[in-house]
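Below, chain A is the first sequence line, B the second, and so on; all start at residue 1.
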Number of protein chains: 2
Amino acid sequence: MGLRHVDMFALAADLVVFALEDTRLKILLIRRGNSPFKGHWALPGGFLEKGETLEQCAERELAEETGIELRHLKPLGTFSKPGRDPRGDVISVAYMALVRTDGLTVTAGSDAREAAWVPMDKLPKLAFDHAKIIDTARTRLTDDLYQSQAVFSLLPDSFTLAEAQSVFEQIIGEPLDKRNFRSWLHKEGILQETGEERRGAHRPAKLYSLEEGGL
Amino acid sequence: MGLRHVDMFALAADLVVFALEDTRLKILLIRRGNSPFKGHWALPGGFLEKGETLEQCAERELAEETGIELRHLKPLGTFSKPGRDPRGDVISVAYMALVRTDGLTVTAGSDAREAAWVPMDKLPKLAFDHAKIIDTARTRLTDDLYQSQAVFSLLPDSFTLAEAQSVFEQIIGEPLDKRNFRSWLHKEGILQETGEERRGAHRPAKLYSLEEGGL
DNA sequence: GCAAAAGTGTTATCCCTACACCCATGA
DNA sequence: TCATGGGTGTAGGGATAACACTTTTGC
């Protein structure tokens, strides 16, 4: 028995890409160049092609559309509600990525008229069911916060503890106690001092990096 | 732009259904009646049809093939490796369910020549990449054990604490301390005494049921 | 009365939380 | 010298983990 009498669908991989830009947690959005939802903001993503996995598709689309240095890619879920795409039967498989923006320029490509980092608390109306996908991603991000070191992929190679704390605070949406956060980091043993310091307007801050063997 | 130039795929929902049978934790498998993998054991599941979500598809297939009283259905993941199905481009979206077998008979239907509850530690060789899917399900089951009351869906309406403990022990694969397990249950407040007892070969055991408002 | 499963508390340890002051620097 | 962010320790409460004996029943 082959697949002759089986319904067929298009599959899209959509990406919720988080990054720190300007010390704020943001999501990568594109403005669509084609219908449907022409001119609307949407998640980057694209159609699965034969011969690749959905994860590869997500990686390819992200690279094609933005040239971003990929770090973590987590499966988020499948969105299959009939009618979610006005073109017809499109199932979306969503992935989540955490990237860092140091020296990175986002360039709009192919279907994207524009691409931009948008603060999470200032999201515009989104095409398709992408608002729901982002919601799933935010929930997942907070749920996994303390279980994986993935969040550190948002930070550059070396960073101050205050910067790390700020990331955690933005994700959970409330302030953390400085000493408790630091003693938690110490207990986990996931960071190491680089020996360097960041000098700014005030007392210099020690720089840290992820312990070798992380990820 | 429509979907004319986009690759199309068949989508299957596959189910990892856990149940307690004969006090042992088992998985529902079918023996395939058609090629490919004719005569091999596989997970129950079937193709997505237009107009339904993948979750509805999974529920429908489970009902069609087994008539099982459905309790919990959790999305597990997407399996899209090219070549995973010899018929061609089939993407599998896996779900997990926990059911109870009291007074339930599994009847093989449609594509299934046979359907059976198979102990988790005695799984046969499986069709497609279903062994991998089961592996994902087992990991998920253990990860979520203490976070949700879903496991109690494996047990009948009323049960003894020893039976509940046995379920937990089979899932994590190691023995638990009786007193600690009970005080944890007490702290969580998820069970209530029914007032009944189960009488057996020895001292009778009190029966418990899930606190109202569970799930 | 004996074999077998049911039932029951306490203690030590670890982790989490709350909380306030001094330090080093640039301006 | 002062304003600003960087850096540090402790004490109390709650949860977890280890641990053994008595009770009740059927046979």
Under a 4.0 Å threshold between the charged nitrogen and the carboxylate oxygen, would [Y] count as salt-bridged to [X]?
| X | Y | value |
| --- | --- | --- |
| A:K26 | A:E21 | yes |
| B:D177 | B:R182 | no |
| A:E49 | A:R60 | yes |

Whole Å only: how far is the [atom1] atom of [X] from the [atom2] atom of [N]?
| X | N | atom1 | atom2 | value |
| --- | --- | --- | --- | --- |
| B:D177 | C:dA12 | CG | P | 17 Å |
| B:F181 | C:dT8 | CZ | C1' | 16 Å |
| B:E163 | C:dA6 | CD | C1' | 12 Å |
| B:L176 | C:dA6 | CG | C1' | 17 Å |
| B:N180 | C:dT8 | CG | P | 14 Å |
| A:L185 | C:dC15 | CG | P | 15 Å |
| A:H186 | C:dC16 | NE2 | P | 14 Å |
| A:E197 | D:dG5 | CD | P | 18 Å |

Return the 5'-most residue of the pair A:S183, A:P204 with respect to DNA chain C, ranking by each residue's nearest nucleotide.
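Going by which nucleotide is closer to the 5' end, it is A:S183.
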
Should [X] be listed as having a side-chain N or O under 4.0 Å from OP1 or OP2 of [N]?
| X | N | answer |
| --- | --- | --- |
| B:K178 | C:dA5 | no |
| A:K206 | C:dA24 | no |
| B:R182 | C:dG7 | yes |
| A:K187 | C:dC16 | yes |

Most 5' of A:T160 and B:H202 on DNA chain D, judged by nearest nucleotide
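The residue closer to the strand's 5' end, by nearest nucleotide, is A:T160.
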
Aromatic contact between B:Y208 and B:F159, with the criterion being ring centroids under 6.0 Å apart: yes or no?
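Centroid distance B:Y208-B:F159: not below 6.0 Å, so no.
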
Can you figure out which of D:dA17, D:dG7, D:dT16 approaches the side chain of B:W184 most closely?
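That would be D:dT16.
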
Indicate, with a heavy-atom threshold strictly under 4.0 Å, whether B:R199 touches base, sugar-phosphate, or nothing.
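Sugar-phosphate: the residue B:R199, judged by heavy atoms under 4.0 Å, touches backbone atoms but no base.
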
With a 4.5 Å limit on heavy-atom distance, are the side chains of A:S92 and A:T78 in contact?
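Side-chain contact under 4.5 Å: no.
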
Ignoring hydrogens and angles, does a donor from either the side chain of B:R203 or the base of C:dA5 sit under 3.5 Å from an acceptor on the other?
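For B:R203, whose side chain was compared with the base of C:dA5, there is no donor-acceptor pair (under 3.5 Å).
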
Is a donor-acceptor pair below 3.5 Å formed from side chain B:R179 to base C:dA6, judging by atom type as modelled?
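Result: no qualifying N/O pair found.
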
